[in-house]
Each structure stands twice: as C-alpha cells, then as structure tokens.
**Student:** 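Encoded as structure tokens, here's the structure I'll be asking about.
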There are 2 protein chains.
Amino acid sequence: MSERELRRNLAILPIGTVRELTLLTDRQIRYYEQNNLISPNRGKGGQRRFSLNDVDRLLEIKDFLDAGDSIRDIQEILAKQQRKALEKHDSESALRRSLQKEFAQIGRFGR
Amino acid sequence: MSERELRRNLAILPIGTVRELTLLTDRQIRYYEQNNLISPNRGKGGQRRFSLNDVDRLLEIKDFLDAGDSIRDIQEILAKQQRKALEKHDSESALRRSLQKEFAQIGRFGR
DNA sequence: ATTTAATGTTAGAAAAGCTGACATTTATTT
DNA sequence: AAATAAATGTCAGCTTTTCTAACATTAAAT
C-alpha cells in the first residue's frame, strides 16, 4: 500500500469530529456501522477511531441515501466497489511483475 | 490558501490521538501550548482540537528539544520560520501580480 | 547551592463516548 | 387500511477522555 493510502487509513478521528465533518448524527454513524457499511477501529478504551477513508465513505453513503438507495442497496454497491478495487489492484500487481521480468531480461543482455 | 493547506489546518484531532502520533505526553503538549509553540483550536466543550499542522509542528519541536534547544530557542526558531514563510508568500503574491500584468499587456496587443 | 526549565503526578470536575432500550416517522407490503 | 419494516430520535446509566490547577521531581544553568 502506498504511503498515502496508509495515511488515509490511520484511525485518528473520534466520532465527534466525524459528526462535524459529515453532518451525520452519532446515531446514523453507529447504525451504518451495525450494518457493516463502515468498520472504524477502536481505541484503547473502546471508543471508535475513524480514518479519513471512513469519512469519505460516510459522505458517499449519505449521497446514496439521499439518492433513494436503501442500506441494503448500499451494502451491495460498496461490495461491488470493493471487488473492482481488488481486481484493479491485482491487475496492477501483475503488470508490475511482468514489467519487472522484462527489465530483468533487458538488464541481462545489456552488459 | 490552497485546498491542501486548508485541510492541513482543520482542527480535527483530540489530544489522545496526538499523543499517540507524536509519542509526547499530554503534559508536554499542554506545556508547549502554554509557551505558545502551538495554538490548537478548541471544540464546543473546550477540548483541544489539533490540526495535522499542529502534529507536524510538535514533531519538529520534539526534534529541536532532542537536539538540545530550549523552549525559548524554539520560540525564536519558529518565529523566524513564520517570518520566512510570510516573506515567501508575499514574494509569490508579488510575482503572481506582476505576471498577471504582463499577460494583460500581451493580451492587449494580441488582438 | 540555588534557581530555573521541563516533565511527572494527582485530584476533582466536565465533556464526550458507549450500549441498549424504547419511541417516532416514513415507506413497503399484505 | 392495517401491519410490518427501515431509518432515525431520544434517553438513561456507565465508562473513558480531557480539562485545569496544584504540588513534586529531575536535571541543567547560574
């Protein structure tokens, strides 16, 4: 994972900040968690710690709900997103590997 | 200010998170605030809310202290940094303005 | 040998967060 | 229309976090 992705996944925000950033209520945020739309980490004492990615996702969820999608719908939408992201990641890894082989070949002939 | 700078100045982190990110104690963080090395915002109930810039600055402070600088020293170092940043900002604004004028001239002749 | 700077520690109070339950509202289904 | 379900509101009791202020300790500067 890139440095940037790592940073965006750091669990650093308490629910109060997330409430302000998203304009959702605590109740909504927790309800979406119950329904597996997000999975914030927990701090030492058991309090939720959200990442910037969690915030992004909550804003997305908000948009979907406003657009009339149900939570079930959103579960599937997010699952699909997840699959696509994985595919993309895999194909990029594969590309990197094959490029690496090619360069290795070139390197061998080059000297 | 750029979008990025704005984001880095958002007051979003409670002291607990900052403690974990910097490996400083609450006591140290508050003491540095007392000595005007940082000025975190306050949330509704009066609790400190730190920005990512605050965190950066705390890490810097830590390095200076490890290097043997006193808090007084660091106050001056940071003040100097601040002045340099302002100068830089000013000169860049001036540059932008003069470039704008030049382009305006060109534009006038151009048609 | 004092003073001063930086940090530790503690107490008591306030704020924020947690879970679980019941209530309300709005949309679906029968 | 009545019943059910989905999403959110609200409240109570409890735990965790943060706050300030004060006094304590340690190490460095005078």
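Since this is a predicted model, take the numbers as computed values, not measurements. Proteins come first, then strands; the chains are lettered A, B, ... in the order of their sequence lines, and each starts at number 1.
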**Student:** Over all heavy atoms of both residues, which pair between B:Asp54 and B:Pro40 is shortest? Give the atoms and the distance, please.
**Tutor:**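 Closest pair (atom of B:Asp54, atom of B:Pro40, distance): OD2-CA, 3.8 Å.
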
**Student:** Determine whether A:Asn9 and A:Met1 satisfy the following criterion, side-chain contact (heavy atoms from CB on, under 4.5 Å), listing intermediate values before the conclusion.
**Tutor:** CA-CA 10 Å; A:Asn9 275 315; A:Met1 224 189 295; 3.8 Å; yes

**Student:** When you check the phosphate oxygens OP1 and OP2 of D:dA6, does a side-chain N or O of A:Arg72 lie under 4.0 Å from one of them?
**Tutor:**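 False: A:Arg72 side-chain N/O out of range (4.0 Å or more) of D:dA6 OP1/OP2.
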
**Student:** Does a nitrogen or oxygen in the side chain of A:Arg19 sit under 4.0 Å from OP1 or OP2 of C:dG17?
**Tutor:**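 For C:dG17, OP1 or OP2 has a side-chain N or O of A:Arg19 closer than 4.0 Å.
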
**Student:** More 5' along DNA chain C: B:Arg27 or B:Gly43, using each one's nearest nucleotide?
**Tutor:**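 It is B:Arg27, whose closest nucleotide lies nearer the 5' terminus.
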
**Student:** Taking salt bridge (charged side-chain N to carboxylate O under 4.0 Å, His left out) as the definition, give me every residue that meets it alongside A:Glu20, ordered by chain and number, with sequence neighbours left out.
**Tutor:**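 Expected list: B:Arg49.
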
**Student:** From the options B:Asn41, B:Thr17, B:Ile29, B:Ile12, select the one residue that forms a side chain to side chain contact (heavy atoms under 4.5 Å, CB included) with B:Phe50.
**Tutor:**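 Of B:Asn41, B:Thr17, B:Ile29, B:Ile12, side chain to side chain contact (heavy atoms under 4.5 Å, CB included) with B:Phe50 is met by B:Ile29 alone.
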
**Student:** Collect all protein-nucleotide pairs involving nucleotides 27-30 of chain C in which both atoms are nitrogen or oxygen and the distance is under 3.5 Å.
**Tutor:**
none

**Student:** Would you kindly compare B:Thr25 and B:Gly46 by the position of their nearest DNA chain C nucleotide and give the one closer to the 5′ end?
**Tutor:**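 The residue mapped nearer the 5' terminus is B:Thr25.
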
**Student:** Considering residues at least two apart in sequence or located in another chain, which fulfil the salt bridge (charged side-chain N to carboxylate O under 4.0 Å, His left out) criterion with A:Arg19?
**Tutor:**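 Per chain and number, A:Arg19 pairs via salt bridge (charged side-chain N to carboxylate O under 4.0 Å, His left out) with A:Asp26.
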
**Student:** Starting from C1' on D:dT8, measure out to CG on A:Leu23 and report it in whole angstrom.
**Tutor:**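 Atom-to-atom, A:Leu23 to D:dT8, this comes out as 16 Å.
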
**Student:** If you only use heavy atoms from C-beta on, which nucleotide in D:dC23, C:dG17, D:dT18 is closest to the side chain of B:Pro14?
**Tutor:**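 Nearest nucleotide to the side chain: D:dT18.
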
**Student:** Let me know the distance between CZ of A:Arg30 and P of C:dC18, rounded to the nearest Å.
**Tutor:**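 Rounded to the whole Å, the gap is 5 Å.
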
**Student:** Who else is in the cluster with B:Leu86 when I, L, V, M, F, W and Y are joined by side-chain contacts under 4.5 Å?
**Tutor:**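 Taking Ile, Leu, Val, Met, Phe, Trp and Tyr as members, B:Leu86 stands alone, with no cluster partners.
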
**Student:** In whole angstrom, give the distance that lies between atom CG of A:Asp69 and atom P of D:dA6.
**Tutor:**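 It is 16 Å, rounded to the nearest whole Å.
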
**Student:** C:dT7 P sits how many Å from B:Ile74 CD1, rounded?
**Tutor:**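 So the two atoms are 9 Å apart, to the nearest Å.
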
**Student:** A:Arg42 has an atom CZ; how far is it from atom C1' of D:dT15, in whole Å?
**Tutor:**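 Atom CZ in A:Arg42 sits about 13 Å away from atom C1' in D:dT15.
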
**Student:** Rounded to whole Å, how long is the line connecting atom CG of B:Asp26 with atom P of D:dA21?
**Tutor:**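 Distance, rounded to whole Å: 16 Å.
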
**Student:** Can you list, in residue-number order, the parts of residues 47-63 of chain B that come under 4.0 Å of DNA chain D, counting heavy atoms only?
**Tutor:**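 Under 4.0 Å from DNA chain D: B:Gln47, B:Arg48.
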
**Student:** Passes side-chain contact (heavy atoms from CB on, under 4.5 Å), B:Tyr32 versus B:Ile74? Steps please.
**Tutor:** CA-CA 10 Å; B:Tyr32 303 157; B:Ile74 301 178; over 6 Å; no

**Student:** Which residues satisfy the side-chain contact (heavy atoms from CB on, under 4.5 Å) test with B:Glu3, sequence neighbours excluded?
**Tutor:**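 By the side-chain contact (heavy atoms from CB on, under 4.5 Å) rule, B:Glu3 matches B:Arg7.
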
**Student:** Would you kindly give the OH-to-P distance between A:Tyr32 and D:dA7, to the nearest whole Å?
**Tutor:**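 Roughly 8 Å, once rounded to whole Å.
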
**Student:** Nearest whole Å is fine: how far is C:dT26 P from A:Leu65 CG?
**Tutor:**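 Taking CG of A:Leu65 and P of C:dT26, I get 16 Å after rounding.
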
**Student:** Between B:Tyr31 and C:dT7, does any side-chain N or O lie under 4.0 Å from OP1 or OP2?
**Tutor:**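 No, no such contact exists.
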
**Student:** Salt bridge or not between A:Glu33 and A:Arg42? Use side-chain N to carboxylate O under 4.0 Å.
**Tutor:**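 Counted as a salt bridge, because a side-chain N and a carboxylate O are separated by less than 4.0 Å.
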
